[in-house]
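Keep in mind the model is a prediction, meaning the values are calculated, not measured. A, B, ... follow the sequence lines: proteins, then strands. Residue 1 opens every chain.
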Amino acid sequence: MPELPEVETVRRGLAPVLEGRRLKRAQARRPDLRFALPERFAARLEGAKVLKLDRRAKYLVAPLDTGESLVAHLGMSGRFTILAKRGTERPGEFYYADAPDPTHTHVVLETDRGDRIEYNDPRRFGYMTLIPTDDLEAHAYFASLGPEPLGNAFHAEHLSGAFAGKKQNVKATLLDQRIVAGLGNIYVCEALFRSSISPKRAAGRIAAARLELLTTTVRDVLNEAIEAGGSTLRDYATVDGALGYFQHRFKVYGREGEPCPTCAAPIVRIVQGGRSTFYCPKCQR
DNA sequence: CCCACGACCTGTGGGC
DNA sequence: TGCCCACAGGTCGTGG
């Protein structure tokens with residue numbers, strides 16, 4: 001599920017049930033996700049008050065009143081489900097229409113208000129840990145991250161500096177979290193399409209004016225996806241029963257062989273760095 | 001340092 | 001129906 005917009009959507013969904021709540025119970029059903037969970041993981045969570053729920057790049061970061069922060073990355077298939085106490089659902093909470101396979105529910109949290117939050121992750125590429133809040137910025141997960149694409153430090157000058165001299169193609173370069181933090185395979189394809197930049201072009205060989213456009217399209221595509229509630233590629237419904245069905249229509253991602261929305265030439269799929277890239281060879285140069 | 005590639009793990013969908 | 005392969009939203013470690 002998760003690129004930046006999806007993680008942000010999860011953050012917004014979880015914040016109302018977590019922020020200001022005390023964790024009455026925590027359970028780790030296995031000792032590891034992608035990496036080993038820290039020593040006494042559940043015990044260190046139990047009794048802690050969640051001060052806030054933040055996002056940095058694709059990480060969720062929850063500072064606790066114990067001085068530690070719970071840090072979670074959803075990997076490829078991680079998802080949180082809120083099982084709100086019956087009758088207490090509020091707007092902003094959500095569940096997935098297709099219930100996750102319970103055999104892959106690895107972490108369960110219960111708040112002092114009676115809400116239950118489950119972390120499910122079949123592929124187990126996700127990870128969680130506890131880091132002293134004061135040490136977050138220096139931690140290996142965060143120290144080398146580039147700027148937030150929706151923040152003020154992400155602009156054309158940043159990209160021209162980071163791209164200077166790079167022979168690597170721009171697609172792979174934009175996936176490098178040290179250059180911009182939070183982009184993933186889908187939104188890189190979409191932003192390059194909107195910028196008319198070929199994914200095969202060397203990052204160091206993009207004119208300044210096009211980098212300006214690229215920063216704009218990156219922001220736009222992320223903001224639109226966040227507004228749409230994150231593109232989970234699956235339907236989800238809001239707890240209050242509103243028709244929450246969401247189908248984000250990508251322009252190129254996953255559309256091999258379909259006509260380019262601009263010029264009708266077929267969208268092409270290529271492999272770069274072992275991952276699929278979708279683009280229009282006529283529009284993107 | 002830069003870059004390409006395999007590894008991690010499970011599920012799903014297409015082709016035969 | 002069953003089997004096998006390719007592929008999936010991300011990162012990390014290794015080796016050139």
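When the side-chain nitrogen and oxygen atoms of A:Ser276 are compared with OP1 and OP2 of C:dA8, one or more of them lie within a distance under 4.0 Å. Side-chain nitrogen and oxygen atoms of A:His104 include at least one within less than 4.0 Å of the OP1 or OP2 phosphate oxygen of B:dG11.
Residues forming a side chain to side chain donor-acceptor pair (under 3.5 Å) with A:Lys52 (at least two apart in sequence, or on another chain): A:Asp54. A:Arg22 pairs by the side chain to side chain donor-acceptor pair (under 3.5 Å) definition with A:Asp65, not counting sequence neighbours. When the side chain to side chain donor-acceptor pair (under 3.5 Å) test is applied to A:Arg205, no partner is found at least two apart in sequence or on another chain.
Screening residues 11-30 of chain A for ring-ring contact (aromatic ring centres under 6.0 Å, His included), with sequence neighbours left out, gives no hits. Within the structure, the ring-ring contact (aromatic ring centres under 6.0 Å, His included) test picks out no pair touching residues 5-27 of chain A (sequence neighbours left out). Legend: ring-ring contact (aromatic ring centres under 6.0 Å, His included) pairs involving residues 257-285 of chain A, not counting sequence neighbours, sorted by first then second residue: A:Tyr253-A:Phe278. Evaluation of the salt bridge (charged side-chain N to carboxylate O under 4.0 Å, His left out) test over residues 35-50 of chain A, restricted to residues two or more places apart or in two chains, returns A:Arg44-A:Glu68.
The gap from the C1' atom of C:dA6 to that of B:dG6 amounts to 16 Å, rounded to the nearest Å.
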Throw together a table of side-chain donor-acceptor distances under 3.5 angstrom for residues 172-183 of chain A, partners on residues two or more places apart or in other chains.
from     : atom 1 : to       : atom 2 : distance (Å)
A:Thr173 : OG1    : A:Gln168 : OE1    : 3.1
A:Thr173 : OG1    : A:Asn169 : O      : 2.8
A:Asp176 : OD1    : A:Arg178 : N      : 2.9
A:Asp176 : OD1    : A:Arg178 : NE     : 3.1
A:Asp176 : OD2    : A:Arg178 : NE     : 3.4
A:Asp176 : OD2    : A:Arg178 : NH2    : 2.9
A:Gln177 : OE1    : A:Gly182 : N      : 2.8
A:Gln177 : NE2    : A:Leu175 : O      : 3.0
A:Gln177 : NE2    : A:Leu183 : O      : 3.0

Table please: side-chain donor-acceptor pairs of residues 264-272 of chain A below 3.5 Å, with sequence neighbours left out.
from     : atom 1 : to       : atom 2 : distance (Å)
A:Arg269 : NH1    : A:Ser276 : OG     : 2.5
A:Gln272 : OE1    : A:Thr277 : OG1    : 2.7
A:Gln272 : NE2    : A:Pro199 : O      : 3.1

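For DNA chain B, the neighbouring residues in residues 165-173 of chain A, judged by any heavy atom under 4.0 Å, are A:Lys166, A:Lys167, A:Gln168.
Counting only Watson-Crick and G-U wobble pairs whose two key distances fall under 3.5 Å, DNA chain B forms stems of three or more stacked pairs at B:2-8 with C:10-16, B:10-16 with C:2-8.
The pair A:Asp32-A:Arg30 counts as a salt bridge, with a side-chain nitrogen and a carboxylate oxygen less than 4.0 angstrom apart.
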**Request:** Sugar-phosphate means primed atoms, P, OP1 and OP2; the rest is base. With that split, encode nucleotides 10-16 of chain C 5' to 3' as B, S or - using protein heavy atoms under 4.0 Å.
**Result:** BBS----

